[in-house]
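Input: a single structure, listed below in structure tokens.
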Number of protein chains: 2
Amino acid sequence: MRLDDLDRRIVAQLLEHGRASYAQVGDRVGLSAPAVKRRVDRLRADGVITGFAAVVDPAALGWTTEAFIEIFCTGATSPEEIYSSIRKHPEVVAAYTISGDASALVHVRVRDIQHLEQALERLRREDNITATKTAIVLSRLIGRPTDAPSP
Amino acid sequence: MRLDDLDRRIVAQLLEHGRASYAQVGDRVGLSAPAVKRRVDRLRADGVITGFAAVVDPAALGWTTEAFIEIFCTGATSPEEIYSSIRKHPEVVAAYTISGDASALVHVRVRDIQHLEQALERLRREDNITATKTAIVLSRLIGRPTDAPSP
DNA sequence: GATGAAACGTAGCAGAC
DNA sequence: GTCTGCTACGTTTCATC
């Protein structure tokens with residue numbers, strides 16, 4: 001499937017203003033409200049837009065600390081095994097298998113350093129995980145505060 | 001300011017369904033639509049909810065590759081200097097100053113490996129940046145596809 | 001302080017063009 | 001893609017606890 005320029009501008013609008021009315025989006029991109037709705041419906045059906053979400057300040061919910069943890073696994077641990085080892089930890093907001101020394105990179109969000117320590121201990125207790133290497137986030141330079149799990 | 005349990009449930013609902021009507025949210029949390037609206041207005045005014053956004057599949061927009069780049073800077077480069085060095089690169093979707101060896105961790109999203117190479121070259125051309133260490137994302141285990149810049 | 005019910009204006013939606 | 005009408009939602013006002 002192909003996106004034309006109008007589609008991209010609609011997506012850009014909805015990335016900024018996810019609750020904007022179709023008429024508002026239409027004003028910005030030069031279409032009528034029903035036309036925008038049709039295109040948004042198509043974008044959702046095609047999986048370009050997978051949903052809508054509130055953007056929440058994690059600090060306001062009491063999650064003030066975040067960290068990136070490199071995870072080292074035994075031998076040839078499959079992505080599925082890594083996934084099942086980390087999915088149960090609610091502090092994990094994102095995780096990726098990556099090239100390089102580490103098996104995976106895990107982004108966690110925690111209340112404070114004590115909470116981070118607990119989460120790390122829990123992670124290291126997983127069978128597959130042999131070692132971790134943690135980098136605590138000192139400040140966010142770019143990127144919206146991502147959505148947080150509820151404390 | 002303090003959030004009660006109702007506030008947290010409303011936030012959780014809006015994180016999942018950012019375009020849900022107040023009545024729908026109210027049904028799930030046990031409030032009427034006006035009551036939900038008042039609380040959402042307050043949550044927005046207090047900065048707990050900073051906005052709403054579409055959740056977009058970057059792959060559908062042609063951004064199929066992502067990577068994490070550790071950035072090493074000269075001496076005591078301030079976060080502000082790092083910020084001004086990376087903000088102009090549209091491939092950067094997130095960036096953090098972190099503890100450990102590297103000065104910053106930068107999350108980039110690119111069309112393909114060739115595009116990644118170009119972005120890396122551009123980054124390394126920055127005055128402050130002395131070295132980079134890149135880990136290409138092989139697969140996303142956890143975490144929504146984050147919002148992408150328009151290609 | 002908070003909520004729920006009723007009002008009005010507006011947006012969403014389906015059909016016809 | 002636009003225009004039209006019906007339905008549902010967002011929003012304010014007011015009474016209530």
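Chain naming here is simple, since letters A, B, ... match the order of the sequence lines and numbering starts at 1 in each. In what follows, every heavy atom counts, from backbone to side chain, and hydrogens, waters and symmetry copies are set aside.
Residue Lys37(A) places no side-chain N or O under 4.0 Å from the OP1 or OP2 atom of dG12(C). Regarding contacts with the backbone of dC9(D), every side-chain N or O of Tyr22(B) stays at 4.0 angstrom or more from both OP1 and OP2.
Side-chain N/O atoms of Ser85(A) and Asn128(A) include a donor and acceptor closer than 3.5 Å.
The cationic group of Arg19(A) lies under 6.0 Å from the six-membered ring centre of Tyr22(B) and within 45° of the ring axis, placing it in a cation-pi geometry.
A pairwise comparison of heavy atoms in Ala53(A) and Leu15(B) identifies CB-O, 3.3 Å as the closest pair. Among all heavy-atom pairs drawn from Val25(A) and Gln13(A), the shortest one is CG1-CB, 4.2 Å.
Residue Leu6(B) contributes atom CG, which lies 7 Å from atom P of dT3(C) at whole-angstrom precision. Note: CZ (Arg19(B)) to P (dA8(D)) measures 18 Å, nearest angstrom. When rounded to the nearest whole Å, the span between CD of Gln24(B) and P of dA11(C) equals 19 Å. For Phe52(A) and dG12(C), the CZ to P distance is 11 Å, given to the nearest whole Å. In this structure, Leu14(B) atom CG and dG10(D) atom C1' are separated by 14 Å, rounded to whole Å. Per the geometry, CG belonging to Asp27(A) stands 15 Å off P belonging to dG1(D), to the nearest Å. In this structure, CG of Asp41(B) is placed 12 Å from P of dT3(C), rounded to the nearest angstrom.
The aromatic rings of Phe68(A) and His107(A) sit parallel, their planes meeting at an angle under 30°, below the 60° perpendicular limit.
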Check: protein-nucleotides 4-6 of chain C nitrogen or oxygen pairs below 3.5 Å:
unit_1	atom_1	unit_2	atom_2	d
dG4(C)	OP2	Ser32(B)	N	3.0
dG4(C)	OP2	Ser32(B)	OG	3.1

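If Arg39(B) and Ala20(A) are placed on DNA chain C by their nearest nucleotide, the residue sitting closer to the 5' end is Arg39(B).
Side-chain contact check for Val137(A) versus Thr97(B): every heavy-atom pair is 4.5 Å or farther apart.
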